[in-house]
Amino acid sequence: MAALRAGARIASLRRCAAAEAASPASWASARKEVLAAAASGHWRPLRHWYAMRPCSTVASPLKGSQLTRHVLMVDPRGFRSNEETKEDNKFMSEVGDGDNDIADAVMEEWRSLVKQLEAVGVKVMKVDGQGLPDEVFPNNWFSTHSEGRLVLYPMKVPSRQKEVRQDLMDSLRVDLGYNRPTLDLSGWSRSGVALEGTGSLVLDRPGRVAYLARSARADGNLGELWAKEMGYELIAFSSHDRSGSEIYHTNVLMSVGDNFAVICADVITDEAEKKLVLDSLRKTGKLLIQVSLEQMESFACNCIQLQGEKGTVLAISTAGWGALDDAQRATIKGCVDHVVTAEVPIMERLGGGSVRCMIAELFPSDETPENACSVCRVQSEWANLDLVLVHEPGLEVDAVIPWTLDTMKVDECFNRVELKDQHRVFSDMLRSRGATVLHVRDLLNDIAIRGDWAKRELFEAVWGEEFVNMHGLANLNVEHLTTGHGRRTLDFDVPPLMNLFFMRDPAFAVPGGWVVISRPYYSIRQMESRLLRAIFRLHPALKDVSVYDGLADDPDVNIEGGDVLVADRETVLVGISQRTNEAGANKLAEFLFQKTPVTRVVKVFIPKQRAFMHLDTLFTFVNKRVVLTMPYFWSKPQVYAEVARRVNTLNEKMGSDSRQAAEDWVNEPPRIEVLEKLEDGRTKTRTYNQAMAGLQAEGIIEKALFVCGPEGSYATEEEHVARALTEQWNDAANVFCIAPNTVIAYKWCTRTVQHLQDNGVDVMMLDGFELMKGRGGARCMTMPLRRSSHKRATEVL
Ligand SMILES: NC(=[NH2+])NCCC[C@H](N)C(=O)O
């Protein structure tokens with residue numbers, strides 16, 4: 001599926017590129033917009049990419065090595081002097097004719113460099129070129145990082161943008177164990193902003209410093225974004241060659257090894273900037289080898305230090321090495337174990353790049369899959385919350401009037417201001433224990449701000465191509481994706497997503513790093529799932545998350561996240577309820593057994609009533625194997641039947657015709673059915689008519705706490721159930737476990753809160769009077785994306 005998606009994405013990017021080429025005006029305005037955003041410091045994508053940086057294993061200073069033994073090189077089968085790059089690459093001195101001879105000769109230069117590197121024990125991954133003129137310089141479009149990350153870069157000219165190879169990246173991601181989201185900056189090229197990989201950025205990896213000579217190929221603002229995202233300090237400066245032009249790539253004027261740096265400081269004309277660069281190199285312990293302008297022009301700085309089998313290696317061209325004087329060469333020899341000098345004169349003259357440019361370093365991930373912190377990792381309902389997605393209710397609330405309550409699936413009209421405020425307090429609570437909180441609205445803006453092509457893709461994914469064409473992209477506003485689209489009050493072409501703040505339901509994370517897209521029961525909620533699917537597909541920091549959308553379009557299936565509880569890494573509970581049917585649960589089980597570590601799916605059959613619309617309205621975890629649920633619900637459903645009968649009598653006496661299906665509690669009591677995946681791939685089923693006893697026998701729960709207090713604490717069981725039904729209606733059972741034994745609960749559910757506290761549960765109380773009118777609690781309002789198993793500092797102390 002990932003490959004398919006990448007294919008579709010590339011196709012649509014091409015479409016957009018073509019559209020932009022056809023309309024230079026919109027291209028120019030997009031560029032202006034982006035640069036204005038850059039200048040004003042509004043880097044929206046940055047904020048979220050940065051926030052999404054996994055918190056426990058962020059690259060720390062002095063982590064990792066400067067040198068690698070693994071490199072990737074692309075053969076120059078399509079090599080030719082590129083008119084497009086010649087414009088600002090002053091190192092290209094000729095344009096070739098006699099193309100055939102050149103191609104052979106350049107291939108020979110490349111092969112002999114590969115051989116020489118291999119001879120000293122550098123491992124070279126050789127990749128067949130696709131026939132593009134400059135693809136022998138792959139270090140410009142991607143870089144790899146031992147923190148488990150790949151970065152893709154925007155190239156200045158169209159012929160070079162084509163070098164970006166998704167297929168290659170997909171296999172590198174697997175082979176080198178990169179389990180963090182790819183930082184894909186390549187889309188910026190559409191806005192005319194370039195940053196050409198380790199051509200533009202010369203990295204001191206352990207020192208976390210990135211040097212950047214500003215040029216048309218090295219945008220300072222984008223460099224800044226890169227540095228923030230990757231945890232580096234950026235040192236940007238201007239440079240000028242002898243004709244006064246900017247030097248096109250930083251890596252032709254400097255090279256940083258692990259203990260030395262070669263640099264032509266004369267080209268840094270601003271004295272303060274020059275001092276900054278040299279001081280930084282000295283401060284980070286580099287022995288400086290300063291070279292002249294002439295030496296730089298012979299590619300003396302376009303060299304790279306690598307790790308060989310028997311010590312470190314400097315790879316440099318014969319021209320570069322030859323241009324150095326004896327003293328400089330002696331100093332370098334004192335810093336490295338071997339020097340490899342490669343004969344690459346044609347490449348240098350016609351390509352304007354030398355040895356360093358041809359080598360893309362591969363830094364395998366130094367994180368094991370187990371401790372790696374990918375974006376999506378949910379293996380329980382209780383581990384510390386790291387990353388969570390929410391939606392703050394906005395103007396969609398205006399669609400709720402007394403006459404639309406049923407359609408909107410809420411039970412009261414809201415006070416808009418209070419509703420928002422209460423949700424903000426909720427987000428703050430989530431943050432207060434260290435979680436990063438993502439908002440749907442921000443993610444949508446992150447996508448759309450990348451350019452019209454991205455906005456189009458987003459609207460087409462959610463509202464369909466026809467709708468977008470009919471209204472015109474310019475008339476569509478990202479805000480409307482949540483608030484609905486209509487011409488007049490309450491006359492909607494697409495409905496407002498009033499229930500989107502119950503983020504739990506439209507999609508849900510399961511073990512194995514997957515997000516599953518739901519298929520909601522009511523059509524008013526189905527658009528929410530489409531929106532979530534688009535976000536996971538298009539947001540740059542989420543698009544590496546594996547998404548299963550096989551349920552989303554299946555008309556036989558109903559499933560909502562409120563019914564799905566991750567008991568542990570191998571066990572998922574699925575409520576069979578008003579909103580989720582057996583077809584949904586079975587198909588989910590099939591997927592989980594095939595693609596994830598889950599081996600047990602427990603179907604929990606509950607009454608199909610609005611009050612218990614999802615399993616999580618009456619059953620949530622507060623800690624490992626500890627749950628909060630309704631009293632007598634699982635063990636003595638006849639108590640509910642009795643309360644229902646009394647209510648029916650009362651209603652009848654009072655002349656009301658409202659009735660409860662009392663006998664259903666006796667005829668179809670809650671029960672569970674366990675599907676287990678066997679070693680041979682087949683599935684075994686066990687049924688327990690006593691659900692609670694079954695969950696205990698399966699080792700899924702050890703202890704239960706009850707809404708409104710412990711069982712046996714009221715004069716009669718009926719009284720307890722009557723009290724509990726009232727608090728449960730206001731989501732007393734729908735608590736959100738933010739860390740082991742720590743939950744967020746509505747403060748109005750006083751009896752339940754008291755009982756939790758009596759049992760040592762840390763309860764964060766939320767004033768949710770408006771929120772609960774929507775008939776959902778704290779768990780309903782969250783979509784956890786990552787929970788970590790490590791202990792937080794506060795727990796260890
Ligand atoms: N996971 C939950 N319990 N979500 C509650 C959703 C409430 C929402 N008003 C609905 O009826 O759909």
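For the numbers below, each heavy atom of this structure counts, side chains included, while hydrogens, waters and symmetry mates do not. Each ligand, and each atom within it, is numbered from 1 in the order the structure gives.
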As a test of reading the model: which N/O atoms of the protein lie under 3.5 Å from N/O atoms of ligand 1, and at what distance?
unit_1	atom_1	unit_2	atom_2	d
ligand 1	1 (N)	Asp505	OD1	2.9
ligand 1	1 (N)	His614	ND1	3.3
ligand 1	1 (N)	Asp616	OD1	3.3
ligand 1	1 (N)	Asp616	OD2	3.1
ligand 1	3 (N)	His614	ND1	3.0
ligand 1	3 (N)	Asp616	OD1	2.9
ligand 1	4 (N)	Asp505	OD2	2.9
ligand 1	4 (N)	His614	ND1	3.4
ligand 1	9 (N)	Lys409	O	2.6
ligand 1	9 (N)	Asn499	OD1	2.7
ligand 1	9 (N)	Gly774	O	2.7
ligand 1	11 (O)	Lys409	O	3.4
ligand 1	11 (O)	Arg579	NH2	2.8
ligand 1	11 (O)	Arg610	NH1	3.2
ligand 1	12 (O)	Arg525	NH1	2.8
ligand 1	12 (O)	Arg579	NH1	2.9
ligand 1	12 (O)	Arg579	NH2	3.3

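No side-chain donor from either of Ser380 and Arg569 sits under 3.5 Å from a side-chain acceptor of the other. Between the side chains of Asn741 and Lys624, no donor-acceptor pair of N or O atoms lies under 3.5 Å. Side-chain atoms of Asn651 and Ser656 form no donor-acceptor pair, as typed in the model, at a separation below 3.5 Å.
Geometrically, Lys409 engages Tyr522 in a cation-pi contact defined by less than 6.0 Å to the ring centre and at most 45° from the axis.
The distance from atom CG of Leu628 to atom CG of Asn734, rounded to the nearest 0.5 Å, is 9.5 Å.
Under the ring pair (Phe, Tyr, Trp, His ring centres under 6.0 Å) criterion, the residue pairs touching residues 721-764 are Trp748-Phe769, with sequence neighbours excluded.
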